Amino acid sequence: SKVLIIIIGQLRATNLTYSNICDNLINKLNADLCVCTESMPNTDYSNNNFTLKSKYVFNFNKPLDYTPLFDDYYNKIIKNNNISDNVNLKKLLELEDDSMGPLKFNSFYNQRGSGWIIINLYSFLVGKLLENDLINKYDRFIITRSDFIYRIEHPSLDLLDSSFIWLQNGEHHGGLTNRHTVLSRLNVIDYLNVFENIIINFDIFYDKLQHMVPLNIEKYLLIHLKIKYSSKIRFFPYIMFIIRNADDPTNYKYGEWNDK
């Protein structure tokens, strides 16, 4: 089967992880590579090793405020699904502290987290997969990060039934982890369409999330996948861990630096 590995989000710690990820993931699975990220001021990924190795590079300029992007997605969802234009997203944002930002409907809605950034990247990636007909070109998809170190080789995809969504068994933070996901052409678009599901099933999300504060992307993903694929989620061992350079950017917690 043909495999596409998609590294999504900021390209962090790649000077430390590139060889390890190539050996234990990309080459092990004989996969093509895609980078899906956003350009930030004073950050140039064009000469990054992962970018140079990629068959596909999807990139957009990081905005200060993501609200116009979500307004555009919202209008398309309303039109394509022929549903009422009565979803009050601000009602959902009022549940949050600062873990899901950054939407700036006004000064109150200015969270510092990365949850909505991830949901935006997922929506952006859906458009690029469809635009480039990648759903018909590949059988399996792995959505992952650049800052993993693998302790052993990634499991063969022959062992991971393509009818299921496979997550690493760890870092769930009250929901389901989004750090590394093994998908297929059967479920990759539905998996990524988190924002569409929020709009279509807004009342379900709101009713559940109001009891799950503080919120994070993992809790949104839990509800999303329970609606879409409640009996189709499986786990494999957490065989990797995340690292960073001392000066790598982050939208949330910096962790503790270890010289070793």
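Because the structure is predicted, anything quoted here is derived from the model rather than measured.
Partners of Tyr191 under the ring pair (Phe, Tyr, Trp, His ring centres under 6.0 Å) rule, at least two apart in sequence or in another chain, are Tyr122. In this structure Asp72 satisfies the salt bridge (Lys or Arg N to Asp or Glu O under 4.0 Å) test together with Lys76, sequence neighbours excluded. Judged as a side chain to side chain contact (heavy atoms under 4.5 Å, CB included), and not counting sequence neighbours, the contacts of Pro155 are Phe236, Ile239. Partners of Tyr138 by ring pair (Phe, Tyr, Trp, His ring centres under 6.0 Å), not counting sequence neighbours: none found. By the salt bridge (Lys or Arg N to Asp or Glu O under 4.0 Å) test, Asp139 pairs with Arg185, sequence neighbours left out. Not a single ring pair (Phe, Tyr, Trp, His ring centres under 6.0 Å) links Phe164 to another residue, sequence neighbours left out. In this view, Phe60 and Phe124 satisfy the ring pair (Phe, Tyr, Trp, His ring centres under 6.0 Å) rule, not counting sequence neighbours. Arg145 pairs by the salt bridge (Lys or Arg N to Asp or Glu O under 4.0 Å) definition with Asp147, not counting sequence neighbours.
With ring centers used as reference points, Phe241 lies 6.0 Å or more from Phe148.
Residues His172 and Thr177 bring no donor and acceptor atom of their side chains to less than 3.5 Å of each other. Checked by atom type, the side-chain pair Asn193/Asn197 shows no donor-acceptor distance below 3.5 Å. A side-chain donor-acceptor contact under 3.5 Å links Asp85 and Tyr74. A side-chain donor from one of Ser39 and Asn59 sits under 3.5 Å from a side-chain acceptor of the other.
Between Gly9 and Thr37, the shortest heavy-atom distance links the atoms O-OG1, 2.8 Å. In terms of heavy-atom proximity, Ile26 sits nearest to Ile5 at CA-CD1, 3.7 Å. Across every non-hydrogen atom of His154 and Leu157, the tightest pair is CE1-CD2, 4.0 Å. The two residues Leu125 and Phe58 have their closest heavy-atom pair at CD1-CD1, 4.0 Å. Residues Asn169 and Phe235 approach most closely at CB-CB, 4.0 Å, considering heavy atoms. In terms of heavy-atom proximity, Trp166 sits nearest to Leu160 at NE1-C, 3.4 Å.
One N or O on the side chain of Arg151 and one on the backbone of Tyr238 form a donor-acceptor pair closer than 3.5 Å. Judged by distance alone, the side chain of Thr17 and the main-chain N or O of Ile149 form no donor-acceptor pair under 3.5 Å. Between the Ser146 side chain and the Arg12 main chain, a donor and an acceptor come within less than 3.5 Å of each other. Between the side chain of Ser54 and the backbone N or O of Phe50 there is at least one donor-acceptor pair closer than 3.5 Å. Remark: the backbone N or O of Ser184 is paired with a side-chain donor or acceptor of Asn187 at under 3.5 angstrom. No side-chain donor-acceptor contact under 3.5 Å links Asn120 to the backbone of Trp116.
Using a 4.5 Å cut-off between side-chain heavy atoms of Ile, Leu, Val, Met, Phe, Trp and Tyr, with links allowed through other members, Leu29 and Ile152 fall into the same hydrophobic cluster. Under a hydrophobic clustering in which Ile, Leu, Val, Met, Phe, Trp and Tyr are joined whenever their side-chain heavy atoms come within less than 4.5 Å, directly or via other members, Ile227 and Ile165 fall into the same cluster. Cluster annotation: Val57 is not connected to Leu52 through the hydrophobic network of ILVMFWY side chains, with a link wherever side-chain heavy atoms come within less than 4.5 Å. In the hydrophobic cluster analysis, where Ile, Leu, Val, Met, Phe, Trp and Tyr join through side-chain heavy atoms closer than 4.5 angstrom, Ile6 is grouped together with Ile135. Hydrophobic clustering of Ile, Leu, Val, Met, Phe, Trp and Tyr side chains at less than 4.5 Å, counting indirect connections, unites Tyr66 with Tyr220.
Residues Glu38 and Ile117 form a side-chain contact, since some pair of their non-hydrogen atoms from C-beta on lies under 4.5 Å apart. Taking 4.5 Å as the limit, some side-chain heavy atom of Thr14 sits within range of a side-chain heavy atom of Leu11. Taking 4.5 Å as the limit, every side-chain heavy atom of Ser123 sits out of range of all side-chain heavy atoms of Glu196. Proximity of Ile8 to Thr144: side-chain heavy atoms (C-beta onward) are nowhere separated by under 4.5 Å. You'll find the side chain of Tyr150 reaches within 4.5 Å of the side chain of Leu25, heavy atoms only. Looking only at side-chain heavy atoms (C-beta outward), Ile142 and Thr181 stay at 4.5 Å or farther from each other. When side chains are defined from C-beta on, Val182 counts as touching Arg140, because their heavy atoms get closer than 4.5 Å. Between Cys36 and Leu121, the closest side-chain pair of non-hydrogen atoms falls below 4.5 Å.
The CG atom of Leu192 lies 7.0 Å from the CG atom of Leu183; values are rounded to the nearest 0.5 Å. Here CD1 of Ile223 is found 9.5 Å from CD1 of Ile204. Values are rounded to the nearest 0.5 Å. Between the CG atom of Leu69 and the CD1 atom of Ile119 there is a distance of 13.0 Å, given to the nearest 0.5 Å. The NE2 atom of His180 sits 11.5 Å away from the CD1 atom of Ile242 when rounded to the nearest 0.5 Å. Annotation: the span from Leu222 atom CG to Leu225 atom CG amounts to 7.5 Å, rounded to 0.5 Å. Separation of atoms OG (Ser84) and CD1 (Ile199) is listed at 12.5 Å; rounding is to 0.5 Å.
Sparse packing is recorded around CG of Asn30, with 12 or fewer heavy atoms of other residues, nucleotides or ligands lying under 6.0 Å away.
Judged as a salt bridge (charged side-chain N to carboxylate O under 4.0 Å, His left out), the pairs with a partner in residues 152-180 (not counting sequence neighbours) are, in order, Glu171-Arg179. The stretch residues 39-60 participates, sequence neighbours left out, in these salt bridge (charged side-chain N to carboxylate O under 4.0 Å, His left out) pairs: Asp32-Lys55. The list of salt bridge (charged side-chain N to carboxylate O under 4.0 Å, His left out) pairs with a residue in residues 208-237, not counting sequence neighbours, reads Asp190-Lys228. Among pairs with a residue in residues 193-217, those fulfilling ring-ring contact (aromatic ring centres under 6.0 Å, His included) read Phe70-Phe195, at least two apart in sequence or across chains.
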